[in-house]
Amino acid sequence: MSKSSRQRPRNGEIDAPLSNDTSSGGYNAGLAVFSYVVGGILVWSLIGWGLDSLLGTGWIVLAGALVGVAGGFYLSAMHNLFRARDQDDGPKHPKATE
């Protein structure tokens, strides 16, 4: 039997993971933003390409790509992927003692 990755709650506390490793948080957020933007470009460009072929135009695919970029960044902002992370770069500066 393997160990559980969650702690047992004490006194009504919420379960917390045993590992406090958040070193990949920025990388994961970056991949999420990238996938939202690229996915939006692909989907909306395909929709624009379909409309272009139906209507006989050539500019809707570009408008679709721009809508996809805007939609990808909008989704990223709505999922709070642009928030600033707290930096813990070491000890705080101690107060000067006289």
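No hydrogens, no waters, no symmetry mates; every other heavy atom, side chains included, goes into these values. Residue indices begin at 1 and follow the sequence shown.
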Other cluster members, [X] - Ile/Leu/Val/Met/Phe/Trp/Tyr, side-chain contacts below 4.5 Å:
X     : answer
Val38 : Phe34, Leu42
Trp49 : Val61
Tyr74 : Met78

Applying side-chain hydrogen bond (donor to acceptor under 3.5 Å, both in side chains), which residue pairs with at least one partner in residues 56-70 are found, sequence neighbours left out?
-> Asp52-Thr57

Output every pair passing side-chain hydrogen bond (donor to acceptor under 3.5 Å, both in side chains) with a member in residues 31-44, not counting sequence neighbours, ordered by first then second residue.
-> none

Qualifying residues under side chain to side chain contact (heavy atoms under 4.5 Å, CB included), relative to Leu46, sequence neighbours excluded |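 Scan of Leu46 (side chain to side chain contact (heavy atoms under 4.5 Å, CB included), adjacent residues dropped) gives none.
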
Shortest non-hydrogen contact from Ala65 to Ile41?
-> O-CG1, 4.0 Å

What about Leu55 and Leu62, same hydrophobic cluster or not, with Ile/Leu/Val/Met/Phe/Trp/Tyr joined at side-chain heavy-atom distances under 4.5 Å?
->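 In one cluster with Leu55: Leu62, no.
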
ILVMFWY network linking Leu75 to Val43, side-chain heavy atoms under 4.5 angstrom =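 Different clusters.
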
Atom pair CD1/OG of Ile60 and Ser53 - distance to nearest 0.5 Å = 9.5 Å

